[in-house]
A.B. asks: 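Below is a structure I'd like to ask you about.
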Amino acid sequence: MRRTTPPRPLDIALIFPELLQYATTATRLHPRPGNPAASDSSVGGPLCWPAAEPWPVCDRTDHYLYKLLRPETVRAMRAVYAAATARAAATGQRYELTDDERESLPRYDFSEPHALADGPTPLVPVAQLYRRDVPDFIGPPDADLLQVLWCPLDHPELGYNPRVELRWRRSADITDVRPAGPEPTVLNESYLPTPCVVHPEQIVEYQYADLLPDVLTRRIDAWEERTGHGYQGTLSLAPGWKVGGYANWSLTDPHPMDCAVCGAGMVLLLSADSYEWEGPDRSWRPIEEPDSASVKPTDVVIGRGYALYVFICPRSYGHPPGTTMQ
Ligand SMILES: [Zn+2]
Ligand SMILES: [Zn+2]
């Protein structure tokens, strides 16, 4: 089933044609739980990884450790929640866990011993995107595959977020695919994506208001005041997992994202968002889906429900990515 973003309540570029200079495209991924293969684009699915290539690990020893769970525990918990959700949908009854189900879940404050996070931590697959599926694919001309992984523990030096690594590949070069990578013994459950198939859809976005020329921002502010419309979000920037487009800097206000190697201003590659659409702004819910559809299909949570934006250097794909939480 395809996923289609509803038209915006109004086309802001008809009111402010200057905005067309600050329009860009983004590809909403619309991840939904499923069983992607290594030959598919996915969020949290298996990667098409060369058998001969070592699996990447994180060697840092200064992770911030709090509630650590084993990946298998996280999956078992999610299966319990999914069963309860399906039961409620099938019977029309209230969502409720059975006593047995409740019993099977770890206590709210349970953590595996922090010592289990010692040693190199295998990275976990976050997204795999084939150029053929993603209109806004970004990568070297000869690459048709982007793989995004992260260390599923909190990194104090990165604002207590996971540490992202990227790989671009030519899929035709990978003749011998590794069955599956090693898993971390324990992780922060917020950083283990539930395997999702994707439904890429290209949309148009407009730049974050504070990054537009001052004179235009002031006119938009005045228009908002007059009409009660909100430019930010509903009319300009899509929430959810997406490739390309613009960042929504609503948490910290815009700050420069410069390449750590060469200092170039970086560009947005991928947004990993806690929610596909949010409470006050349900206008981004695809028209094919009911109001009851889950707003967090990937089970990834960034901070207190924010998004992790992954930026890359425009000069070299070999320079490391930068991330910010918004
Ligand atoms: Zn790490
Ligand atoms: Zn650079």
Side-chain angles (χ1 to χ4, degrees), residues 43-44 47 49 53-74 111-128 136-143 146-169 180-193 243-244 246-247 254-272 274 298-303 306-325:
V43 167
L47 302 184
W49 195 270
E53 190 174 309
W55 191 259
V57 296
C58 182
D59 286 323
R60 287 192 74 110
T61 54
D62 58 349
H63 294 117
Y64 172 73
L65 304 176
Y66 173 51
K67 270 172 52 178
L68 299 178
L69 294 176
R70 296 176 186 272
E72 56 270 29
T73 306
V74 177
S111 174
E112 298 286 355
H114 287 183
L116 291 176
D118 288 350
T121 303
L123 304 195
V124 301
V126 173
Q128 166 165 282
D136 292 292
F137 185 93
I138 303 170
D142 61 339
L146 165 63
Q147 295 171 330
V148 182
L149 307 94
W150 64 30
C151 169
L153 296 171
D154 288 290
H155 282 241
E157 83 285 6
L158 296 172
Y160 297 87
N161 286 129
R163 183 175 65 76
V164 170
E165 285 194 20
L166 305 172
R167 298 286 189 282
W168 280 276
R169 305 183 187 279
E183 282 211 309
T185 311
V186 290
L187 42 67
N188 178 337
E189 65 170 307
S190 298
Y191 304 148
L192 181 67
V243 176
Y246 290 124
H255 61 83
M257 293 296 298
D258 295 334
C259 174
V261 173
C262 72
M266 298 200 284
V267 296
L268 182 59
L269 174 74
L270 176 78
S271 309
S274 303
T298 66
D299 292 308
V300 167
V301 181
I302 301 296
Y306 304 116
L308 190 71
Y309 290 114
V310 181
F311 287 79
I312 54 166
C313 177
R315 292 196 188 137
S316 171
Y317 290 104
H319 292 175
T323 53
T324 184
M325 176 174 72

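Start at 1 and go down the list; that is how both ligands and their atoms are numbered. These values consider heavy atoms only, across backbone and side chains, with no hydrogens, waters or symmetry-generated copies. All residue numbers in this chain count up from 1 along the given sequence.
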A.B. asks: Once rounded to 10°, what is the value of the angle centred on the Zn ion (ligand 2) between Cys259 SG and Cys313 SG?
C.D. replies: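 The angle at the Zn ion (ligand 2) comes to 120°, rounded to the nearest 10°.
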A.B. asks: For the metal site, I want the angle between atom SG of Cys151 and atom NE2 of His63 with the Zn ion (ligand 1) at the apex, to 10°.
C.D. replies: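 Taking the Zn ion (ligand 1) as the apex, the two atoms subtend 110°.
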A.B. asks: Of all the N, O or S atoms in His319, which has the shortest distance to the Zn ion (ligand 2)?
C.D. replies: ND1
A.B. asks: Does the plane of the ring in Tyr66 sit parallel, tilted or perpendicular to the ring in Tyr64? Use 30° and 60° as the thresholds.
C.D. replies: parallel
A.B. asks: Is the shortest heavy-atom distance from the side chain of Tyr317 to the side chain of Ile138 under 4.5 Å?
C.D. replies: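 Touching, per the 4.5 Å side-chain cut-off.
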A.B. asks: In a check of side-chain contact (heavy atoms from CB on, under 4.5 Å) between Tyr191 and each of Val126, Asp154, Val301, Leu308, which one passes?
C.D. replies: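 With Tyr191 as partner, side-chain contact (heavy atoms from CB on, under 4.5 Å) holds for just one option, Asp154.
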A.B. asks: Trp55 vs Trp49 aromatic rings, parallel, tilted or perpendicular, using cut-offs 30° and 60°?
C.D. replies: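 Correct class here is tilted.
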